[in-house]
Amino acid sequence: MRFATRRTFSLCNGVIHPVNVVYHCIVKRFCGINESPELPDWVKFPQDGSSPLTDSEDDFVLPSIVNWVRNQKEPDSETRCLPNEVIDDSVDKISRILKNRFSSPVAVVQAIDGSDISVSKSLVDKLLKRFSNDWVSAFGLFKWANTQMGFKHSVDSYDLMVDILGKSKQFDVMWELVEEMVRLGGLISLVTMSKIMRRLAGASRWTDAMESFRNIERFGVSKDTSAMNMLLDTLCKERSVEHAQLALLEFKNEIPPDSHTFNILMHGWCKARQLDKAWLIMEEMEKCGFHPCVISYTSFIEAYCCEKDFRKVDAILDEMQAKGCPPNVVTYTIVMHALGKAKETREALEVYERMKRSGCVPDTSFYNSLIYILSKAGRLRDAREIYEEMSKGGVIPNVTTYNTMITAACEHSQEENALKLLQEMEECLCKPDLKTYAPLLKMCCKKKWIKILFYLLNDMFKKDVSLDAGTYTLLVHGLCRSGKLDLACVFFKEMVLKGMVPKYNTYKMLVEKLEMTNMEKGKERIEQLMIQAKNVEQSRHSSGMYRVY
DNA sequence: TGAAGTTTAA
C-alpha cells in the first residue's frame, strides 16, 4: 500500500489533473486531515503525464466522458475544490467544530466559545440548515449566538429552530423554546404554530396537535378560519384524515368553515381511498352554500385514477364541463400521468392533445409528467423533444425535469447523455439535489467508473448537497456488487462517523463479501464500526438526547 | 406539500 500524501500528487510529472485533485479532496474529506489515508490500488497515476482516466484497466470510459472530465476547469490549487470553505470561512470554521458530535448543546456552546467568530443572521441560518438533521449541534449553535453581545435571533431563525427540534422529536426542548418566545413577546406567528402542529402530527401525536390549536390564542395567534384550515390540512397530510374530521366537528360552530376547509377534507378522504366519506363532505359543502370547484373535482379524479377506473374519470370530466367548471392543467396532469403509468401511452398522449384543444396551457409539472411517461415507455427521443419544446415555449425546466431525464438516461444505458444533462443543469443555473446524483452514482458503481464517481462526489460537496443514509447505502451496495470492497468500506466508515446506523442488510452484505475474499482485517474493522454505530445510537437514547415522551 | 398535479428502489 502506498500513502496518498501531497507528494504522491506532485509525482504525476508536475501535472495536476482535476481527477487527482478531486481524489485528494475526497481523501481529505473522508479520512480527516491528520490521518494518512491509504491509497487504494485502483488509483494508478500515469508516469507519462497522460490522463489517469484512460490508464485504468477496469474502468471502461467513453472517450467523450474523458474529454468532458478533462474540460472541467482545472483548479490551480487544491483549495479551489472547496469554494464553500474559502468563501464562507466562519461557516466552515463552526461546521468543523460542530462535526465533532457533542453530547449536549451546552458542550457545543463551550466549544464554539473558544473561537473568535462574529455572529450574523446569515451565519446562523446557513448553519441551522446545514445541521438540520443534528439538533444538538444546531441548538448549541443557536444558544451560543444568543450569548453574543448585541445579537438577537430573528423571527425566522426561531421558527427554523423550532422546526429542527420538532423534526428530531425533541418536543420538551421545543416547548421550552416556544415558552421563551412567548416571554420575549411577538415572536410567535401562524408559521410557528403550523411548524409545531406539523411536527407533532408527523410524530403521530395528532391529539397534541389539536390541543395546541385549542390554545393557539395563548401564543398570540388568532383562532380563525385560516388557522383552522392549516390544522386540518396538517392532520390530513400527516396521515390522519380521521383526526381532521374530528377537529372540524369540534371547531366548526366556533369558527366558520370556508370552501378551502371542505376541499382539504375532501382531498384527505380521497387520498385515504374512502370516497363515500369524501362525497359526504361535498354534500355538506353544498349545504353550507359553497359550490364544488376544479379542486374539489380534481381530488375525486385523482382517486379514481388510483383505482384505474378511467370510465369514472371520464364521467367526472364531462360533469365538470357541464357544470361550467372545466378541468385545468392540474387535472390534465393527473389523468395523463395515470394513463401513462397504466402503460396506456397512446391514451395519455390523447389527453395532451385534448388539453391543447381546450386552450389550457401546459406548465413545468405537466411537462415533467409527460417527459416521465415517455421515458418510461422507452421513447427518450420524444422526451427530449418535449424538453426542447418547453424551453422554446418559455416554460422553465426545474430540478424535477432534469432528475427525470437523468434517471431515464441512466436506465437506458445512455451514460454520456446522463452526464451531459448534469452539465446542462449547471449551465441553466438549476441546482441539483440528491435525486439528481443518486442514479448517476448508482451507474458509476455498476460500471466501475470510480474516477467519475469521485468527480460526482466532489461536485456534490461543492454544491452543498450532503449525502444522506440512503445514498451511503446505495454506494456500499453498488460497490460491493462490483467487487470494489476497499471503497465500500470507506463509505461504510464515513457513514458511521456521521452518526448514521447502517441497515443490517448493508452490514451483512459487506461482511460476507469481505469474508469471501479473505479480507479478514477489513472484516474486523467493519464489525467494530457496526458495534460503534450501535453504541452511539444506544447512548443517545439512554442519555435522553432522543427522549420521546 | 399547507386547497389539487410531476422524480424513488432490487
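Reckoned from all heavy atoms, side chains included, excluding hydrogens, waters and symmetry mates. Within every chain, numbering begins at 1; the chains are lettered A, B, ... in the order of the sequence lines, protein sequences first and strands thereafter. Computed from a predicted model, the values in this text were never measured in an experiment.
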A:R311: which residues meet the side chain to side chain donor-acceptor pair (under 3.5 Å) condition with it, sequence neighbours left out? none
With a 6.0 Å cut-off (strictly less than), is the heavy-atom count around NZ of A:K508, excluding the residue itself, greater than 12? no
Distance check, C1' atoms only: B:dT7 and B:dT1, in whole angstrom units. 15 Å
Test: A:K451 cationic atom under 6.0 Å from A:Y455 six-membered ring centre, within 45° of axis: no
Quick tally for nucleotides 3-10 of chain B: nucleotides whose base has a protein heavy atom under 4.0 Å get B, sugar-phosphate-only ones S, the rest -, giving BBBBBB--
Could you tell me whether the side chains of A:S226 and A:D224 share a donor-acceptor contact shorter than 3.5 Å? yes
Euclidean distance for P, B:dA10 against B:dG5 (whole angstrom): 24 Å
Using atom C1' in both nucleotides, what's the gap between B:dA9 and B:dA3 to the nearest angstrom? 31 Å
Hey, mind stepping through A:F131 and A:F139 against ring-ring contact (aromatic ring centres under 6.0 Å, His included) and telling me if it holds? CA-CA 9 Å; A:F131 288 88; A:F139 198 42; over 10 Å; no
